[in-house]
Every structure is written in structure tokens, then in C-alpha cells.
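No experiment lies behind these values; they were computed from the predicted model shown. If you read the sequence from its start, that first residue is 1, and numbering goes on from there.
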Amino acid sequence: MPARLVVLGACLAALLLPSAAPADNPVLDGFVGANDAFSIRLQDANGARVDHLDAGTYTIKVHDLSTFHNFHLSGPGVDQLTSVDDKQEATWTVALTDGTYTYLCDAHPSTMKGTFTVGAVTEPPPATKLTGSVGPGRKISLRYADSSKLTILAGSNDVVIAVNDRTRTDNFHLSGPGVNKKTGVAFRGHATWKLTLQGGRYVYRSDRHKTLRGAFTVSSTPYPRGPH
Ligand SMILES: [Cu+2]
């Protein structure tokens with residue numbers, strides 16, 4: 001029976017086809033610029049931020065939600081990006097191999113950046129370097145190395161804060177989930193704090209003058225997943 005042979009042939013072809021469906025690849029979601037915030041995140045199917053992955057082929061759904069940020073992934077064998085000027089939904093199939101990968105926004109590369117490792121490479125991402133400053137005068141700030149202000153921490157939750165307390169009338173006091181560190185009000189000089197931050201809101205302030213304060217957010221909440 002010819003018809004039966006055709007059906008049998010189709011079944012054999014299906015069995016012999018390599019890698020039946022790309023949908024079998026693990027799916028990751030990359031988000032950037034939700035509500036135009038300076039936030040960037042790569043998360044797995046459980047909504048956890050990606051820190052380390054097994055080597056292999058992945059499907060990355062990129063949700064570029066802003067007209068002034070983009071999502072740019074690079075590392076061994078991979079260099080893919082969305083447009084800075086447009087919102088964009090993109091799906092990338094990428095082969096990740098042993099190494100360290102970086103995702104960032106090309107318009108704000110020092111503040112909107114994260115890294116993850118793959119395969120045999122397991123060292124944790126480098127700590128984020130920050131500078132905290134108070135005084136002279138009624139001034140307080142917490143900034144990245146390139147002096148842009150910290151509002152949302154992306155990337156490593158490990159931070160090294162170089163505190164420069166330039167006044168004997170105010171102090172630098174950082175508090176938030178798991179952290180309560182301060183210089184003395186009468187103290188003037190440098191301090192270096194190595195901290196691991198958790199998801200939530202952190203406030204830095206002077207204990208002498210209540211209005212002298214600033215705040216930033218460490219995002220731990222997964223973004224809602226888009227349709228796949
Ligand atoms: Cu940006």
C-alpha cells in the first residue's frame with residue numbers, strides 16, 4: 001500500500017530529524033528599561049537572576065521596553081543587541097560556552113550591566129565599585145566609579161563602597177536589608193565597606209540632618225514573563 005508507505009516514511013523522517021524543536025532549549029528572559037527605569041535583568045524560567053549556566057544552546061527572549069535603553073549580550077561566540085532608540089521584542093538562539101558573558105545597555109554601560117558565567121568558569125562576578133561621599137557642606141551622594149548616581153543596582157549584589165566622609169558635622173549612614181553601616185558624625189576620613197546587598201530599598205543619610213539623604217533600589221523581584 002503506497003499510502004501506508006508514505007506515512008511510515010514520514011514517521012521515520014520525524015524520528016531521524018536532529019534536534020526536533022528549538023523550543024526544547026532552556027528559555028531565558030532579558031528585560032531592559034521597564035517604565036524607562038535604568039534597570040536591566042536576565043532571568044531564568046523561575047524568575048531568578050542568571051548568575052551561572054551550564055554550557056549549551058539557549059533561547060533568549062529579549063524585552064527592550066524603552067526608547068533610550070538597549071539590551072546587548074556579549075561573550076564567547078555571542079554578540080547580539082537590540083536598538084537603543086526603539087522598543088523591541090527579540091528572540092535569540094545562542095550557544096553559550098565556558099566563559100563570562102556580559103549584558104548591558106550601550107547608552108549606560110557602567111550603571112546598567114550584569115554578568116554571568118557559563119560551564120567550567122564559575123568565579124563570581126566582580127563586585128560593583130561605588131563611592132559614598134558626605135560634605136563638605138550639606139551634600140551626600142552615592143555614585144558609580146564613573147560618577148553617575150546609583151538609583152537601581154543591576155548586576156552583582158556584591159559591592160565595595162569607598163566612603164569619603166569630608167565633614168565633622170555629618171556622617172554617612174547606609175541602611176537597608178541586612179545592612180547598617182555608618183561613619184561617626186565627628187569622624188572625618190575614609191572607610192571601605194565590602195557588602196552583599198539583598199533585594200529591597202536602601203537609604204544613605206546623615207544622622208545629624210534628616211533632609212540629607214538619598215536612596216536606591218536593589219531589584220530582586222522577577223519581571224513578569226512575556227508571552228512565549
Ligand atoms: Cu540605558
Side-chain angles (χ1 to χ4, degrees), residues 18-130 144-148 150-160 218-228:
S19 67
D24 291 338
N25 298 333
V27 176
L28 309 174
D29 281 279
F31 292 90
V32 65
N35 302 314
D36 287 335
F38 284 61
S39 68
I40 192 165
R41 183 179 176 92
L42 181 65
Q43 69 187 35
D44 65 17
N46 299 317
R49 194 180 63 190
V50 171
D51 292 316
H52 182 79
L53 294 170
D54 294 332
T57 302
Y58 290 80
T59 298
I60 303 184
K61 306 265 186 183
V62 178
H63 316 275
D64 177 345
L65 305 169
S66 166
T67 56
F68 55 90
H69 299 303
N70 78 334
F71 194 96
H72 185 175
L73 174 67
S74 61
V78 175
D79 190 12
Q80 300 241 50
L81 67 162
T82 61
S83 153
V84 173
D85 294 334
D86 301 299
K87 295 185 182 182
Q88 195 177 337
E89 293 288 317
T91 301
W92 301 335
T93 301
V94 295
L96 304 179
T97 57
D98 291 358
T100 300
Y101 289 78
T102 299
Y103 53 95
L104 51 74
C105 166
D106 288 302
H108 311 97
S110 61
T111 57
M112 299 174 68
K113 178 179 169 183
T115 60
F116 62 93
T117 54
V118 173
V121 178
T122 55
E123 74 249 33
T128 303
K129 289 192 171 61
L130 303 170
Y144 284 96
D146 74 345
S147 81
S148 51
L150 174 61
T151 53
I152 299 174
L153 186 74
S156 174
N157 281 17
D158 292 325
V159 297
V160 177
V218 179
S219 173
S220 65
T221 23
Y223 281 85
R225 301 189 76 200
H228 286 132

Return the CZ to CG distance between Phe71 and Leu81, rounded to the nearest 0.5 Å. 11.0 Å

Between Ser83 and Asp85, does any side-chain donor sit less than 3.5 Å from a side-chain acceptor? no

Using 0.5 Å steps for rounding, measure from the CD1 atom of Ile60 to the CG atom of Leu73. 5.0 Å

Would Leu28 and Leu53 count as a side-chain contact (heavy atoms from CB on, under 4.5 Å) if you check the C-alpha gap in whole Å, the side-chain angles of each, and the deciding distance to 0.1 Å? CA-CA 11 Å; Leu28 309 174; Leu53 294 170; 3.7 Å; yes

From Asn70 CG over to Gln88 CD, what is the distance, rounded to the nearest 0.5 angstrom? 9.0 Å

Residue pair Leu65 / Glu89, side-chain heavy-atom distance below 4.5 Å: yes

Any side-chain heavy-atom pair of Trp92 and Thr82 under 4.5 Å: yes

Is any side-chain heavy atom of Thr102 closer than 4.5 Å to one of Lys113? yes

Using only atom types and a distance under 3.5 Å, with no angle test, would you say the side chain of Asn25 pairs donor to acceptor with the backbone of Thr59? no

Starting at OH of Tyr103, measure out to CE of Met112 and round the result to the nearest 0.5 Å. 11.0 Å

Could you give the distance from NZ (Lys61) to CD (Gln43), rounded to the nearest 0.5 Å? 14.0 Å

Flag yes if more than 12 heavy atoms outside Asp54 fall under 6.0 Å of its CG atom; otherwise flag no. no

Side-chain donor/acceptor of Asn46 to backbone N/O of Ala48, under 3.5 Å: no

Determine yes or no for a side-chain-to-main-chain donor-acceptor pair under 3.5 angstrom, with Tyr101 supplying the side chain and Pro76 the backbone. yes

If the test is side chain to side chain contact (heavy atoms under 4.5 Å, CB included), which one of Leu104, Asp64, Ile40 qualifies with His72? Leu104

For Val78 versus Ala95, what's the shortest heavy-atom pair and its separation? CG2-O, 3.8 Å

Listed by chain and number, what are the side chain to side chain donor-acceptor pair (under 3.5 Å) partners of Gln80, not counting sequence neighbours? none

Could I get the full list of salt bridge (Lys or Arg N to Asp or Glu O under 4.0 Å) partners for Asp51, not counting sequence neighbours? Arg49

Do you see a donor-acceptor pair shorter than 3.5 Å between the side chains of Asp36 and Ser66? yes

Looking only at heavy atoms, the pair that brings Asp98 and Ala120 closest together is OD1-N, 3.2 Å

Student check: side-chain heavy atoms of Tyr58 and Val118 closer than 4.5 Å: no

Between the main-chain N or O of Ala37 and the side-chain N or O of His69, is there a donor-acceptor pair closer than 3.5 Å? yes

Taking C-beta and beyond as the side chain, do Leu130 and Tyr144 meet within less than 4.5 Å on heavy atoms? yes

Do other residues, nucleotides or ligands put more than 12 heavy atoms under 6.0 Å from the CG atom of Asn35? no

